[in-house]
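Contents: one structure, followed by commentary.
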Amino acid sequence: MTPAPLTGEGLRVQHAREVTLAYPAFAWPAGAQLAVTGPSGTGKTSLLNVLAGLLHPQSGRVTYGDLILTDLGEAQRDAFRRRNVGYVFQDFHLMPGLTVLENVELALRVAGTARAAERARDALTRLDLGARLRHRPAQLSTGERQRVAIARAVAHRPGLLLVDEPTAHLDRDRAAAALTLLREAAGDLDATLIVVTHDEAVAASLPLRYHVTPGPA
């Protein structure tokens, strides 16, 4: 998919029944790579969910290129996400009963991608998982499961790659390798990479930072 600039202004999200969080305005060019930082409870993952179209803010505006994401209905946001967004969840969200290949292939079929099996195999092979295609997630190491999640996120060539705490389950060496992998995958796609992290080393290694501060709107 064609990458596009991403902007937001006036964003407010319901965080709990009595708390609404406000986000600073942002304007990121296509292909930007940045860390989203801030204390726990400030809505960093909620921001990712807004950008993915999974969560609709109480107020404010998000645009992706010429598309006003916050004006879309739920079905339109679902279509946007299938075409344009790759999401790597903190806990990976792999289907335990499916093989590595089937996990990635299923995501491609849901996105309506042609030649799903071929694209899935290619994405996994590029991430050095060609020998693990028939394994199930429980048979993989944590790092391998993360690579499967990355393969699933990038196989349909999204313009927007959203990643939630990619180093939470990894030691320092594997964390550095995972971040390198994400940056290379985003660079290959010219995709915008947005990484939520509590890890200062991760944040410092990315060119841009967007810091979310505590406090209600």
Side-chain angles (χ1 to χ4, degrees), residues 1 3 6 30-36 44-45 48-49 51-54 81-96 98-111 113 115-199 201-203 205-207:
M1 305 302 167
L6 185 65
Q33 297 190 357
L34 63 121
V36 178
K44 299 184 297 298
T45 297
L48 285 193
N49 290 337
L51 300 180
L54 288 166
R81 184 169 57 257
R82 289 195 299 270
R83 289 193 302 267
N84 298 289
V85 177
Y87 203 132
V88 182
F89 296 91
Q90 181 174 347
D91 293 318
F92 311 144
H93 289 194
L94 301 177
M95 301 287 287
L98 301 182
T99 66
V100 165
L101 181 62
E102 289 166 343
N103 264 280
V104 180
E105 185 178 348
L106 176 62
L108 287 168
R109 292 192 186 281
V110 169
T113 304
R115 308 191 321 276
E118 177 185 339
R119 294 279 290 273
R121 187 182 299 272
D122 180 63
L124 289 161
T125 300
R126 286 172 180 269
L127 294 175
D128 297 323
L129 289 164
R132 306 293 257 166
L133 300 181
R134 302 301 174 187
H135 290 71
R136 285 182 167 77
Q139 298 172 290
L140 306 179
S141 69
T142 300
E144 286 172 331
R145 289 196 297 274
Q146 185 176 61
R147 279 188 279 153
V148 175
I150 294 170
R152 183 182 58 187
V154 303
H156 65 298
R157 304 191 66 79
L160 185 57
L161 183 56
L162 307 177
V163 187
D164 193 7
E165 295 287 1
T167 61
H169 306 291
L170 304 175
D171 61 31
R172 178 57 58 200
D173 288 344
R174 288 184 174 87
L179 186 63
T180 297
L181 188 61
L182 284 165
R183 295 195 65 185
E184 289 176 349
D188 287 344
L189 300 172
D190 293 324
T192 300
L193 173 65
I194 301 175
V195 179
V196 163
T197 186
H198 284 96
D199 189 330
V202 171
S205 69
L206 290 162

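- Note on residues 125-142: pairs passing salt bridge (Lys or Arg N to Asp or Glu O under 4.0 Å), not counting sequence neighbours, are Asp122-Arg126, Arg132-Glu144.
- Scanning for ring pair (Phe, Tyr, Trp, His ring centres under 6.0 Å) contacts around His93 gives Phe89, with sequence neighbours left out.
- Between the side chains of Asn49 and Tyr87, a donor-acceptor pair is found at a separation under 3.5 Å.
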- Message: Go through it in stages, so that I can follow the logic: the residues are Arg152 and Val88, the test is side-chain contact (heavy atoms from CB on, under 4.5 Å), and I'd like the CA-CA distance, side-chain angles, deciding distance and then a yes or no.
- Response: CA-CA 8 Å; Arg152 183 182 58 187; Val88 182; over 6 Å; no

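- No side-chain donor-acceptor contact under 3.5 Å links Gln90 to the backbone of Ala168.
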- Message: Run Leu162 and Leu51 through side-chain contact (heavy atoms from CB on, under 4.5 Å) and show every step you take.
- Response: CA-CA 8 Å; Leu162 307 177; Leu51 300 180; 4.2 Å; yes

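- Closest approach of His135 and Leu140 over heavy atoms only: CB-CD2, 3.9 Å.
- In this structure, Thr99 contributes its side chain and Glu102 its backbone to a donor-acceptor pair below 3.5 Å.
- Considering only heavy atoms from C-beta on, Arg183 comes within 4.5 Å of Pro207 through its side chain.
- For the atom pair Asp91 CG and Arg145 CZ, the distance stands at 10.0 Å (nearest 0.5 Å).
- Taken from CZ in Arg147 to CG in Leu182, the straight-line distance is 12.0 Å, to the nearest 0.5 Å.
- Residue Leu34 holds its CG atom at 12.0 Å from OG1 of Thr197, rounded to the nearest 0.5 Å.
- To the nearest 0.5 angstrom, Leu48 atom CG is 9.5 Å from Glu165 atom CD.
- Looking at Thr113, its side chain never comes within 3.5 Å of a backbone N or O of Arg109 through a donor-acceptor pair.
- A distance of 9.5 Å separates CZ in Arg119 from NE2 in His156, rounded to the nearest 0.5 Å.
- When every heavy atom of Ser205 is checked against every heavy atom of Val202, the shortest pair comes out as OG-O, 2.8 Å.
- Considering every non-hydrogen atom in both Asn84 and Pro158, the closest pair reads O-CB, 3.3 Å.
- Shown here for Ala178 and Gln146, the closest heavy-atom pair between the two residues is CB-OE1, 3.1 Å.
- None of Leu124, Leu127, Val104 except one satisfies the side chain to side chain contact (heavy atoms under 4.5 Å, CB included) rule with Ile150; the exception is Leu127.
- To the nearest 0.5 Å, atom CG of residue Leu160 and atom CZ of residue Arg83 are 13.0 Å apart.
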If you look only at distance, which donor and acceptor atoms sit under 3.5 Å apart when one is on a side chain in residues 186-196 and the other is two or more places apart or in another chain?
unit_1: Thr192; atom_1: OG1; unit_2: Gly31; atom_2: N; d: 3.0

